[in-house]
Participant: 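Below is one structure. I have some questions about it.
Just so we're clear, the structure is a prediction, and the values are computed from it rather than from any experiment.
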Amino acid sequence: MEKVIGVPVPKEGTEEFERMNKMAKRAIPLVLLIFTLGILEQQAFGMIFVNIGEQLGVPNLSSLITSIPGIVLGIVCVIYGALGDFVSLKKMTLLGIILFVAGSAIGFIFGPSSIWAVVIARVLQSAGGQVAGSVFLVLVSKYIKKVNRVIYYGIFVAVFRFSAALGVVAAGYITNIDWRWLFAVPLIAILFIPSLLKNLPNERAKGANIDWAGFTLIGAFAAAMTMFFTDMNLFWAISSVVTLILFLVYINKAKNPFITPKFLKNPAFVATMTVIFIGYFFSYTLNAGVNAIGLNVFGIDSAQVSLLLVWSILLAAVLGFVSGPVVKRIGRSASIIMALTFMGLGLLAVAFLIPYGKVLALAVAPCIYYFGTSFLYSPIVDTATLTVTPEESGRVLGVNDLVQAITGSVGVAVFVGMMSSGVMSGGSMAGTDAGQASTYANVFMVGGGVIFLALVIFLFTKKMIYAHAEKIQQKN
C-alpha cells in the first residue's frame, strides 16, 4: 500500500479547494482569538517571572516559569504541527481549549501558594494555547491560496505582537495588584467553543498512525537540551546526546516516522531551520533583559518599563498588518535580509543607548529590533513550507515552532544566566559604567552578533534554498 503522507490537500482552483478555503476563512478569526489569549499569557509571565519568584521566596527558581513552559511549548509545537497533517483540526482545537482553561484555573486558585503551581499552570496554558497557533498555520498552509499566504502570516505576526503588547502592559500593572489575575483572563476561551466546532475542518488521513514514539524522543531531546543550558551539568549533556542519537536511529528504522530522514537530507529545509534557530536565539530574552535594565540600571519598576517597551511591540503589531503586502512586493529573500539586519541593529542600539537614558534604551532601541521581527516571520515560514510538499507542510510548521521555542528557551537560559551572574561587568564598548550596566550592554551586543551570524548564513544559502523550493513546487 502507498504510504499515507497526510490529509489530501485539494489543488487550487478546484471546487473542493474553494469549499475548504471558505471554511478556513470563517475559522481563522476565532482561532486567532484563542491564540491572542495564549500569547498574552506567555508574554505577561515572561515579563514578570522574576517578580513572581521573589514574591514566592524562590528567586533562584523564577526562570522555571519561562523555561519549562518553553520546553513544553517546543514539544507540543512539533506534535501539533505534525498532527495537523493527519488528524481532525476540530478535535485538536477542543483538546487545546480544555488544557488552556484547566491551566488558567489552576494558576488562579493555587498559583499564589507555590511556584510549582505557577509552573504547572503555565505548562498547561502553553500546551493548550499553542493549539490555536498551530491550527491557524496549518489552515493557511493548506487551504489559503499560495499568493495570499504571506498576508495571513503577516496578520499572524501582527496579532502576536498586539497580544504581546497587551501582555506586557497587563503584567506591568497587575504586579501592583495581584499577578494571579493574569490567569483569569483566558477563561473566556470557553465561550468560543461552539463557533469553533462549527467552522473547523474535521478531515483526517485514513490509515495514518500517530508516531507517539517519535514525538516522545524529539520531546525528550528538546527538554534535555534546554535543561542543559538552564542548569549546565553532565547529566543533561549526556541526555541531550543520547536522545538525539536515539531519535536519529529511530527515524531511520521506523516504518512511518512523523519526520523521515528525507527531511534531514533536504538541504533547503536544514538551511532554513538553521537560520531560524540562530535568528530567534534572543527572542525570549529581549523583554526580560529590558525589564532588568529598567529595574537595576534606571531604578524604575516593571509598570514603568512596560510603558516604555510597549510602543516598540505595538509598532511591530502595526507593521505586521502591512508586512504581507511588503513581502509580496520585495520578495521573501530581501525581506529576510532586511529583517535580520534590523534585529541585529536593534540589540546593538539597546547596548549603545544605555548611557543616554531610559527612553532611548528601553523605548526607542527596541523599536528597531521589533521592526525587524515584523518582516522575518512571514517570509521565513513561507520559505520553510515551500521546501516540502503541501501534504507535509504541517510537520514543517511544527518543526519551525519547535526550533523557535527551543532556541528562545535556550537563549533566555544562557543570556539571563549571563546577566544574573554579572559577566563582562568590567566595562563595555558601549560606554557604560562598570557593573550591571556593562553586563547588560555586553550581553545585548553578543545577542546582536548572533543575529548577524544568522544573516551571513542566509546570504550564503539563499540561492540553494529557493532553487530547491522551486523544484518542489513545480512537481505539485
Participant: If you look at every heavy atom in Asn291 and Val305, which pair is closest and at what distance?
Facilitator: CA-CG1, 3.7 Å
Participant: Side chains of Pro366 and Leu309, heavy atoms from C-beta outward: is any pair under 4.5 Å?
Facilitator: yes
Participant: When rounded to the nearest 0.5 angstrom, what is the spacing between CG in Leu362 and SG in Cys367?
Facilitator: 11.0 Å
Participant: Could you check whether Phe215 and Phe247 have their ring centres less than 6.0 Å apart?
Facilitator: no
Participant: How long is the span from the CG atom in Leu340 to the CD1 atom in Ile380, to the nearest 0.5 Å?
Facilitator: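 Nearest 0.5 Å value for the CG-CD1 distance: 7.0 Å.
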Participant: Return the minimal non-hydrogen interatomic distance between Val350 and Ala361, and the atom names on each side.
Facilitator: CG2-O, 3.9 Å
Participant: What's the verdict on side-chain contact (heavy atoms from CB on, under 4.5 Å) for Ile193 and Ile97, showing C-alpha distance, side-chain angles and the deciding distance?
Facilitator: CA-CA 8 Å; Ile193 292 178; Ile97 293 174; 3.8 Å; yes
Participant: For a quick test of reading the model, state the closest non-hydrogen atom pair linking Ala102 to Leu124 and the distance between them.
Facilitator: C-CD1, 4.5 Å
Participant: Check for me whether the distance between the ring centres of Phe282 and Phe444 falls short of 6.0 Å.
Facilitator: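 They qualify: ring centres under 6.0 Å apart.
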Participant: How many angstroms lie between OG1 in Thr93 and CG in Leu196, if you round to the nearest 0.5 Å?
Facilitator: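 Going from the OG1 atom of Thr93 to the CG atom of Leu196 covers 6.5 Å.
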Participant: Are the ring centres of Phe17 and Tyr143 closer than 6.0 Å?
Facilitator: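 No: the rings miss the under 6.0 Å criterion.
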Participant: Would a 4.5 Å heavy-atom cut-off, applied to side chains only, mark Ser312 and Tyr369 as touching?
Facilitator: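 With C-beta onward as the side chain, the pair stays apart.
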Participant: Strictly by ring-ring contact (aromatic ring centres under 6.0 Å, His included), give each pair with a member in residues 91-123 just once, sequence neighbours left out.
Facilitator: Phe108-Trp181
Participant: Using modelled atom types only, decide if a donor and an acceptor are shared between the side chain of Ser421 and the backbone of Gly417 within a distance under 3.5 Å.
Facilitator: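 Confirmed, Ser421 side chain pairs with Gly417 backbone.
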Participant: List the residues meeting ring pair (Phe, Tyr, Trp, His ring centres under 6.0 Å) with Phe371, not counting sequence neighbours, and say none if there are none.
Facilitator: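 With neighbours one apart ignored, the set is Phe342, Phe375.
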Participant: Would you check, one step at a time, whether the test side-chain contact (heavy atoms from CB on, under 4.5 Å) holds for Lys25 with Tyr152?
Facilitator: CA-CA 10 Å; Lys25 288 180 177 179; Tyr152 279 83; 3.7 Å; yes
Participant: At their closest point, which heavy atom of Pro112 faces which heavy atom of Gly107, and how far apart are they?
Facilitator: CD-O, 3.9 Å
Participant: Will you find, in the side chains of Gln130 and Ser134, an N or O donor that is under 3.5 Å from an N or O acceptor?
Facilitator: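 Result is yes, a qualifying pair exists.
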Participant: Do the side chains of Val131 and Leu99 get nearer than 4.5 Å, heavy atoms only?
Facilitator: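 In short, these two side chains do not touch, never coming nearer than 4.5 Å.
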Participant: What pairs with Phe221 under ring pair (Phe, Tyr, Trp, His ring centres under 6.0 Å), at least two apart in sequence or on another chain?
Facilitator: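 Partners of Phe221 under the ring pair (Phe, Tyr, Trp, His ring centres under 6.0 Å) test: none.
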Participant: Can you tell me how far the OG atom of Ser374 sits from the CE atom of Met343, to the nearest 0.5 Å?
Facilitator: 10.0 Å
Participant: Do Phe35 and Val159 touch side chain to side chain, with heavy atoms closer than 4.5 Å?
Facilitator: yes
Participant: Stepwise, does the side-chain contact (heavy atoms from CB on, under 4.5 Å) test hold for Thr285 with Met419?
Facilitator: CA-CA 10 Å; Thr285 308; Met419 287 187 282; 3.9 Å; yes
Participant: Can you check whether Ile109's main-chain N or O pairs, donor with acceptor, with Arg180's side chain at less than 3.5 Å?
Facilitator: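 A pair under 3.5 Å: no.
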Participant: What are the two closest heavy atoms between Thr243 and Ala220, and how far apart are they?
Facilitator: CG2-CB, 3.9 Å
Participant: Which atoms form the tightest heavy-atom contact between Val297 and Ala437, and what is the distance?
Facilitator: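 So the minimum-distance heavy-atom pair works out to CG2-CA, 4.0 Å.
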Participant: Let me confirm one number: the CE-OG1 distance from Met273 to Thr387, rounded to the nearest 0.5 Å.
Facilitator: 6.5 Å
Participant: Hey, does Leu286 have a side-chain heavy atom less than 4.5 Å from the side chain of Tyr370?
Facilitator: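 They are in contact (side-chain heavy atoms under 4.5 Å apart), so the answer is yes.
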Participant: Decide whether Gln42 and Ser126 meet the rule of one side-chain donor and one side-chain acceptor closer than 3.5 Å.
Facilitator: no
Participant: When you measure from the side chain of Thr439 to the backbone N and O of Val423, does any donor-acceptor pair fall under 3.5 Å?
Facilitator: yes
Participant: In the structure I gave you, are the side-chain heavy atoms of Ser114 and Leu56 within less than 4.5 Å of one another anywhere?
Facilitator: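 The answer is no, as the side chains (C-beta and beyond) never meet within the 4.5 Å cut-off.
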Participant: Got Glu41 and Phe183 here, is their nearest side-chain heavy-atom distance under 4.5 Å?
Facilitator: yes
Participant: Do other residues, nucleotides or ligands put more than 12 heavy atoms under 6.0 Å from the NZ atom of Lys90?
Facilitator: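 Enclosed: over 12 neighbouring heavy atoms sit under 6.0 Å from NZ of Lys90.
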Participant: Decide side-chain contact (heavy atoms from CB on, under 4.5 Å) for Asp382 and Lys146; before the verdict, give the C-alpha distance in whole Å, the side-chain angles of both, and the deciding distance to 0.1 Å.
Facilitator: CA-CA 9 Å; Asp382 197 36; Lys146 291 178 183 178; over 6 Å; no
Participant: Taking the six-membered ring for Trp, are Phe156 and Tyr377 ring centroids under 6.0 Å apart?
Facilitator: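 Aromatic pair counts; centres sit under 6.0 Å.
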Participant: For the CD atom of Gln125 and the CG atom of Leu182, what is their distance to the nearest 0.5 Å?
Facilitator: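 Taking CD in Gln125 and CG in Leu182, the distance rounds to 9.0 Å.
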Participant: Report yes if the side chains of Leu376 and Ile336 come closer than 4.5 Å at any heavy-atom pair, otherwise no.
Facilitator: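 Of all side-chain heavy-atom pairs linking Ile336 with Leu376, at least one is under 4.5 Å.
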